[in-house]
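What follows is a short report on a single structure.
Residue indices begin at 1 and follow the sequence shown. Counting convention: from 1, in listed order, for ligands and their atoms alike.
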Amino acid sequence: MHNLDIVIMAAGKGTRMKSALPKVLHTLAGRPLLGHVLAAASALQPRSVVAITGHGATEVEAATQAMVGAGAAFALKFARQEPQLGTGHAVQQAVPLLPDEGTTLILNGDVPLIGSATLQAVLDACAGAQPVLLTVEFADPTGYGRIVRNAAGDAVLAIVEHKDATPAQRSIRECYSGIMAVPTAMLKRWLGQLTNTNSQGEYYLTDVVQHAVADGVQVLAYKITDTVQVDGVNSPVQLAALERAYQLRHAHALMEQGVRLADPARLDVRGELLCAQDVAIDVSCIFEGQVSLGQGVRIGANCVIANARIDAGAVIHPFTHIDGERLGVQVGPGALVGPFARLRPGAQLGEGVHIGNFVEVKNATLAKGAKANHLAYLGDATVGERVNYGAGSITANYDGANKHRTVIEADVHVGSNSVLVAPVTIGAGATVGAGSVVAKDVPPGKLAVARARQVNMGNWQRPEKKLL
Ligand code: UD1
Ligand code: CA
């Protein structure tokens, strides 16, 4: 919408979080609460987004700027609210930044799961002409502002804060969600009329409703039943509850797509998980950042997988940790990884590669059919097809100052417990004898043995225990 401006309230202290981190920067599903709200806001294609900051303003503004990024299609603005005298006072700080012509949508920085479709419905009802409140029925409305409707029930007369409500008003279960859309010129007029003569001595944003009614402007309510969308985060307990609600929703959406989850209550997706057909995920797995799982991929229990692409038919056995960070990790079709494997940034496994228990791979490419099955390290290495990398072998890739590369060509067999001191190349088809320290290149097809020769001594007596 070309004339939509969005105000996000994020100045509150969040006292009940009992944290040094400003509340809106606490994360849900791996993303700051404010990041979720910004994503919903941005989906509405506003002209501008104004964040009201106060508590931890510098930190909140820097984080907001970073989350929005340079290429945003809307103007990002900040208004400081010092001191914090209530929600009406908060929005008053944005007034100089809001053009009269257009609509203002007010969001809360601590209500992360609001859906952009719901917000669009509120804006559609507003149609640039009429104030619309997003409301919800709570089984327990304690603490919320109550929606007082007219006799016909089709318009709102007032929002009464819990602390100011009469017993009859407290029995109303329809509550204000904290979200409203108002034609901006009207909003400015009514904000100018707010007073703080109430039980909390605050300037309530919710009082704009009374001023609208006094001006003869009808106020509408758009009521939803999905409370998760308007649940706020005020404490660690609420944050954890909302995290579980989010994760369960996500798990159900995956299952609707055909993903088989051993237990939807034991899955955490902190980012984006893309699944092809017939993916199966066992219990207690965590996915972070961007992860894609190809057709028929199976993920064993207790895996943590971040920023990785896992191709069709690959199997990740239990307790495997994959973290691609910025470089990413790729696991080729039909590869077998784990249990207890660790794939770090830049690990690229080709088709049918096997990585077994306690094997660490970093910034290394393994071509089709290569195997490292036990207790090994492959860092800064290029490994050819069908290489067999023995148990306990490592690439010594770091000389204390710089990293160097190890090249292991096709069909090489590296015997157990070898150290390949980079930079070094093992030529195609060569063999490295077990226990070797290889510091010089090995020509193709040769056997390299780089260890002390075995001596069998006869003239030797095993010590015996002395009796006292
Ligand atoms: C507010 C509504 C209430 C509604 C509830 C929904 C008012 C007066 N009441 O109550 O009707 O049912 O939200 O959750 O608006 N904030 C500022 N500056 C301030 C005060 C608050 O930026 O001076 C921010 C907070 O950081 C928060 C939001 O505004 O993001 C809401 O403030 P909060 O104090 O939680 O309002 P409630 O009392 O919950
Ligand atoms: Ca609140």
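Thr142 and Asp140 are linked by a side-chain donor-acceptor pair at a separation below 3.5 angstrom, with hydrogens and angles left out of the test. Residues Gln290 and Glu272 bring a donor and an acceptor atom of their side chains to less than 3.5 Å of each other.
Side chain of Gln247 to main chain of Glu243: no donor-acceptor pair is present (N/O by atom type, distance under 3.5 Å, no hydrogens or angles). The main-chain N or O of Ala11 is never found under 3.5 Å from a side-chain atom of Thr53 such that the two would form a donor-acceptor pair.
For ligand 1, the polar-atom distance check finds an N/O of Gln81 within less than 3.5 Å of one of the ligand's N/O atoms. Residue contacts with ligand 1: Gly12 is placed with a nitrogen or oxygen under 3.5 Å of a nitrogen or oxygen of the ligand (distance criterion only). Residue contacts with ligand 1: Met9 is placed with a nitrogen or oxygen under 3.5 Å of a nitrogen or oxygen of the ligand (distance criterion only). For ligand 1, one of its N or O atoms has an N or O atom of Gly86 under 3.5 Å away.
Considering Tyr144, Tyr204, Phe138 only, the shortest heavy-atom separation from atom 14 (O) of ligand 1 involves Tyr144. With atom 22 (O) of ligand 1 as the reference point, the heavy atom nearest to it among Gly109, Ala11, Gly232 is part of Ala11.
Ring orientation note: the planes of Phe319 and Phe340 are close to parallel, at an angle under 30° on the 30°/60° scale.
Tyr144 has its ring centre no less than 6.0 Å from the ring centre of Tyr176.
Using a 4.5 Å cut-off on side-chain heavy atoms (C-beta onward), Leu194 and Val208 make contact.
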- Query: Should Lys362 and Lys403 be marked as a side chain to side chain contact (heavy atoms under 4.5 Å, CB included) after you check the CA-CA gap, both sets of side-chain angles, and the distance that decides it?
  - Reply: CA-CA 12 Å; Lys362 183 218 77 168; Lys403 298 263 169 74; 4.0 Å; yes
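Close contacts between ligand 1 and Thr206 involve ligand atoms 7 (C), 8 (C), 9 (N), 11 (O), 15 (O) [criterion: under 4.0 Å to a heavy atom]. Interface atoms of ligand 1 facing Gly145, defined by a heavy-atom separation under 4.0 Å, are 3 (C), 4 (C), 11 (O), 12 (O). For ligand 1, the atoms sitting less than 4.0 Å from at least one non-hydrogen atom of Thr87 are 7 (C), 8 (C), 15 (O), 20 (C), 21 (C), 29 (O), 31 (C), 32 (O), numbered in the order shown with element in parentheses. Near Ala90, meaning under 4.0 Å from any of its heavy atoms, are these atoms of ligand 1: 17 (C), 18 (N), 22 (O).
No heavy atom of His89 sits closer than 4.0 Å to any atom of ligand 1.
Of the heavy atoms in Leu85, only backbone atoms (N, CA, C, O) come closer than 4.0 Å to ligand 1. Only the backbone of Ser177 comes within 4.0 Å of ligand 1, counting heavy atoms alone; no side-chain atom from C-beta on gets that close. Proximity of Glu202 to ligand 1, defined as any heavy-atom pair under 4.0 Å, is not found for any part of the residue.
Residue Lys368 qualifies as open at atom NZ: its count of foreign heavy atoms under 6.0 Å is 12 or below.
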